[in-house]
Q: 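Have a look at this one before I ask anything.
This structure is a prediction, so every number in the text was calculated from the model and none was measured.
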Amino acid sequence: MSLSLKTPKEISLDIAMRLKTKRLAHNLTQTGLALRAGMSTSSLKRFEKTGEISFVSLLNIALVLDCLDECEHLFAYVAKPDTLFKDAPKIKKRGQIK
């Protein structure tokens, strides 16, 4: 587990700013992006200002801005590497018959 010194609010605001930067790079207005993402302009404005948005709306914005593949890796399982110092697996036994 990695340690983050940012709060969830700070992370959501960072994401909002990065998506705003992508929106501007795609030369889209807030109204244009909101229309393409199937959401209201006021919801997009609130997201860019506060970082608050529904998850589905966030995915729709990512789809329009061509970065949906980045969202697909959220919470992806990453196998831990085996180690030389790994304990032998314990065999579970129920009751022993005598």
Side-chain angles (χ1 to χ4, degrees):
M1 180 170 126
S2 65
L3 177 66
S4 175
L5 299 178
K6 291 184 178 181
T7 65
K9 180 70 174 174
E10 291 170 327
I11 293 170
S12 66
L13 284 170
D14 286 349
I15 291 170
M17 293 313 305
R18 287 195 299 268
L19 286 178
K20 179 179 180 179
T21 301
K22 283 186 178 277
R23 173 179 66 78
L24 294 172
H26 280 81
N27 201 24
L28 286 169
T29 63
Q30 288 177 325
T31 303
L33 176 57
L35 182 66
R36 287 171 178 80
M39 60 190 297
S40 68
T41 303
S42 60
S43 292
L44 180 60
K45 286 180 180 180
R46 184 179 64 247
F47 169 58
E48 289 186 357
K49 184 177 180 181
T50 66
E52 296 175 11
I53 192 168
S54 77
F55 189 65
V56 171
S57 294
L58 180 65
L59 295 176
N60 286 333
I61 291 171
L63 176 65
V64 173
L65 297 178
D66 196 30
C67 54
L68 187 60
D69 56 326
E70 296 172 36
C71 297
E72 193 172 353
H73 300 289
L74 272 175
F75 306 113
Y77 175 74
V78 179
K80 294 181 181 180
D82 287 336
T83 175
L84 295 174
F85 305 104
K86 187 167 125 179
D87 293 335
K90 296 180 180 178
I91 300 172
K92 294 181 181 179
K93 298 180 182 178
R94 292 197 175 214
Q96 292 192 354
I97 302 175
K98 292 183 180 182

Q: Please find the pair of heavy atoms, one from Ile53 and one from Leu58, that lie closest to each other, and give the distance.
A: CD1-N, 3.8 Å
Q: With sequence neighbours left out, write down each residue that passes salt bridge (Lys or Arg N to Asp or Glu O under 4.0 Å) with Lys45, or none if nothing qualifies.
A: none
Q: List the residues meeting side-chain hydrogen bond (donor to acceptor under 3.5 Å, both in side chains) with Ser57, not counting sequence neighbours, and say none if there are none.
A: Ser54
Q: What side-chain donor-acceptor pairs closer than 3.5 Å can you find for residues 67-76, not counting sequence neighbours?
A:
none

Q: Counting only pairs under 3.5 Å, give me each side-chain donor-acceptor contact of residues 59-66, with atom names and distances, residues two or more places apart or in other chains.
A:
from: Asn60; atom 1: ND2; to: Val56; atom 2: O; distance (Å): 3.4

Q: Could you tell me if the side chain of Met17 sits less than 4.5 Å from the side chain of Asp14, heavy atoms only?
A: no
Q: Could you report the tightest heavy-atom contact between Lys6 and Ile11, atom names first, then the distance?
A: CB-CG1, 3.8 Å
Q: Closest heavy-atom contact between Gly51 and Ser12?
A: O-CB, 3.6 Å
Q: Tell me, please, which residues at least two apart from Leu24 pass side chain to side chain contact (heavy atoms under 4.5 Å, CB included).
A: Lys20
Q: Test side-chain contact (heavy atoms from CB on, under 4.5 Å) on Arg18 and Ile15; report intermediate values, then the result.
A: CA-CA 5 Å; Arg18 287 195 299 268; Ile15 291 170; 3.3 Å; yes
Q: Does Ser42 have any side chain to side chain contact (heavy atoms under 4.5 Å, CB included) partners at least two apart in sequence or in another chain, and if so, which?
A: Ser40
Q: Under the side chain to side chain donor-acceptor pair (under 3.5 Å) definition, can you give me all pairs with a residue in residues 23-36, not counting sequence neighbours?
A: Arg23-Glu48, Gln30-Glu48
Q: Taking only residues two or more places apart in sequence, or in another chain, which ones meet Glu52 in a salt bridge (Lys or Arg N to Asp or Glu O under 4.0 Å)?
A: Lys9
Q: Of all heavy-atom pairs between Leu44 and Met39, which one has the smallest distance, and what is that distance?
A: N-CE, 3.7 Å
